[in-house]
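Chain letters run A, B, ... following the sequence lines, proteins first and then strands; every chain starts at 1.
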2 protein chains.
Amino acid sequence: MATRAEVAKLAGVSASTVSYALNGDRSIKEETRKRVLKAVAQLNYRPNFAAGALAGGKSKTLALLSPSGEFGIALIALEYINGASAAARDRGYHLVIWPSQESELAEIQTFAESGMISGVILMEIQFKDERVDYLKKAKVPFAMIGRTEKPGKDSYVDRDFIGATELGIDYLDSLGHKKIAFLTTDRAVGVDTRFSSALVEAAKKKKMIAKKIQVVNEASSGRDAFIEFHKKYPDFTAVVSLNDIATLGFISGANEYGVKIPKDLSIVALDTPQNHIEMSWPPLTTVNLPAFEMGAKASNILIDQIEQRENKQNQALLAGELVIRGTTAKARKSI
Amino acid sequence: MATRAEVAKLAGVSASTVSYALNGDRSIKEETRKRVLKAVAQLNYRPNFAAGALAGGKSKTLALLSPSGEFGIALIALEYINGASAAARDRGYHLVIWPSQESELAEIQTFAESGMISGVILMEIQFKDERVDYLKKAKVPFAMIGRTEKPGKDSYVDRDFIGATELGIDYLDSLGHKKIAFLTTDRAVGVDTRFSSALVEAAKKKKMIAKKIQVVNEASSGRDAFIEFHKKYPDFTAVVSLNDIATLGFISGANEYGVKIPKDLSIVALDTPQNHIEMSWPPLTTVNLPAFEMGAKASNILIDQIEQRENKQNQALLAGELVIRGTTAKARKSI
DNA sequence: GAGTTTTATCGACACGCGTCGACAAGTAGT
DNA sequence: ACTACTTGTCGACGCGTGTCGATAAAACTC
């Protein structure tokens, strides 16, 4: 592999000039720069990663902390990872996946100090999240996908819950649905309640009746939810789901009981990653979760922060778009 | 962050002695080593990553090439990533996710040469895979999850197709199923045919009738498959599925047509990642795909290779285990 | 006990880059 | 014409580690 010195020789300049020509930290005559770039291309030169990190103290590597649950990384994480990884690459950074237990939190700091890592992306943020507190104390730059109860000035990317629910509700309203139920996992006050309270608000605006059905993140729970729904709200015509896996179970339940989707019952899913949509039949109408974009945005925000562009926006909310597929239709005339 | 020099001073030895004490490349008096380790612990010293890479030419970083399909990283990839990442960490390595287009293949080589990457893990291996050819030519160490038609001495981890299908078939046999269908995506000769031909063999051994139903990797295709199955093979009592997503559609179809699972029809899925199981109702009986272990094994094989432990086994086949859940029961008495 | 090998340690250097200070040449202001 | 900047370039140094050669001490050999 070519080194800086070789490029310098070929271009007839000094080694440091090559550096400046490439990084643009000092003014360089345009003609010289061109000569350098030509030499770079000719030799297929690429700055040595380790040397750069050593000399400059910048590793250009981001860590994505993934709380490894029972099944490891959560499904949705895939698209975050994809987005974050692609955006990082576009800016000359790398993304390493860091399956983390809580016990390993201290390790992150050590690695950050050892130059391995420039910043951290966190997912599955809790209302109160000790990881956030820790990283702040340790002065490791970080960005969240999701947000804590009071994010303050911390960097984050999150869903625009209000926008997303309104997209779904307004669409159901336009189809004539007036009595709906919604599936949610929220138990106590926490991250999940952001969605359900936004939904209640949106429904109220449209003068809909919206009843809550509690689920957990399992297909079987979705099926139970259908049974509950079927019994308690026989005259309801639509369901909004805030949990992707339960949705699939819910549809199974409907199939099982002979309730036709979308003729008898419409379903809109609000928090379903792209990859899950292909797994349902009929294909789900969703307000899609722009997970790829969220991951990408998280990377960009984090890199801005690392590079000290403090003027830049470091918080973002993304709503997603309504994508009409096969689980919604006009409300059947109410009984 | 503490440096090697500080550790040396505290331990009362030279800097190089610290190196040798930690890396064990030269003999060190046991007492000295202990003193060094104590100092290391005391200062919470961790060798600077970049410096190590620069001096030693070893970056201790693995790249996992993920062919970014339509939806980015494939679902199953998650567990591979988890496993590979965890195993890498245990051996002091890092795993970066590399969303790759074919066009970027050359980039990998450059990065490998620039010291950024020590080796590559490949997934979604094709029978003929140009990436494999490229990496071999470029002399970048690599390991495959899956394998090419003729892997030769290349490192790989793959499923034990024969073992996995036999587990599934033998179980169905023990339940009295004698006429089965199987869902598969194989069209031409390729990776997918490994599974179906193993299945045909296993069925023959048990004197079962096994009919093939062609699907593609979509839920709707699985539903179509059910309809085909229902019409063509009304007296068949079991289905083996080799495609996870189609399986879910197949079950939807069964629900829709009032065919009760497992009473009327048993289903065994052979290639279903853990994360998909939770999405079906009833819960799927599977021969589980040990994806985490496969990822971990791939890391370990690759690291062995990078560190030149050539004596070690560099190919492995994993069968998985039969996990009985809710989609299998004794065969209904045949008509 | 002289010669030889082994063990344990040290000092020095190289890896390739970022960046600071120096300096020559050019430009602007008076 | 003198000073005061600015622009463009270079040489030198340091980042923290791996590792080679040298050396002193210890352990064998006959």
Legend entry - Rounded distance (Å) that lies between atom C1' of D/dT9 and atom CD of A/E31: 13 Å
Legend entry - Side-chain N,O (B/N48) to OP1/OP2 (D/dC15) below 4.0 Å: no
Inset, instruction - Record whether the side chain of A/Y45 comes under 3.5 Å of the base of C/dC17 through a donor-acceptor pair of N or O atoms. - result: no
Inset, instruction - Could you work out which one of D/dG16, D/dG11, C/dT9 sits closest to the side chain of B/T17? - result: C/dT9
Legend entry - Heavy-atom closest pair, residues A/E124 and A/D129: O-OD2, 3.9 Å
Legend entry - Any A/S19 side-chain N or O less than 4.0 Å from OP1/OP2 of C/dC17: no
Legend entry - Any B/S16 side-chain N or O less than 4.0 Å from OP1/OP2 of C/dA12: no
Legend entry - Interatomic distance where CD1 belongs to A/I28 and C1' belongs to C/dG18 [whole Å]: 14 Å
Legend entry - Side chains of B/S19 and B/S16, donor plus acceptor under 3.5 Å: no
Inset, instruction - Verify the contact: side-chain N or O of B/S27 to OP1 or OP2 of C/dA8, cut-off strictly under 4.0 Å; return yes or no. - result: yes
Legend entry - Side-chain heavy atoms of A/I97 within contact of B/L95, under 4.5 Å: no
Inset, instruction - Could you tell me the separation between the CG atom of A/L22 and the C1' atom of C/dG16, rounded to a whole number of Å? - result: 13 Å
Legend entry - Whole-Å gap separating C1' (C/dT9) and CZ (B/R26): 9 Å
Inset, instruction - Nearest whole angstrom, please: distance from the C1' of C/dC13 to the CZ of B/R4. - result: 11 Å
Inset, instruction - Assign A/L54 to base, sugar-phosphate, or nothing according to its heavy-atom contacts below 4.0 angstrom with the strands shown. - result: base
Inset, instruction - Would you state whether a donor and an acceptor, one from the side chain of A/Y20 and one from the base of C/dC17, lie under 3.5 Å apart? - result: no
Inset, instruction - Round to the nearest Å and state the distance from A/R33 atom CZ to D/dT9 atom C1'. - result: 13 Å
Inset, instruction - Please figure out whether B/E30 or B/A55 has its closest DNA chain C nucleotide nearer the 5' end. - result: B/E30
Legend entry - Heavy-atom side-chain contact between B/K9 and B/E6 under 4.5 Å: no
Legend entry - Whole-Å distance separating the NZ atom of A/K29 from the P atom of C/dT27: 11 Å
Legend entry - Protein-nucleotide distance (B/L43, atom CG; D/dG16, atom C1'), rounded to Å: 15 Å
Inset, instruction - Test side chain to side chain donor-acceptor pair (under 3.5 Å) on B/S118 and B/S59 and set out the steps. - result: CA-CA 6 Å; B/S118 307; B/S59 71; 2.9 Å; yes
Inset, instruction - Take B/A50 and B/D25, find for each the nucleotide of DNA chain D with the closest heavy atom, and name the residue whose nucleotide sits nearer the 5' end. - result: B/A50
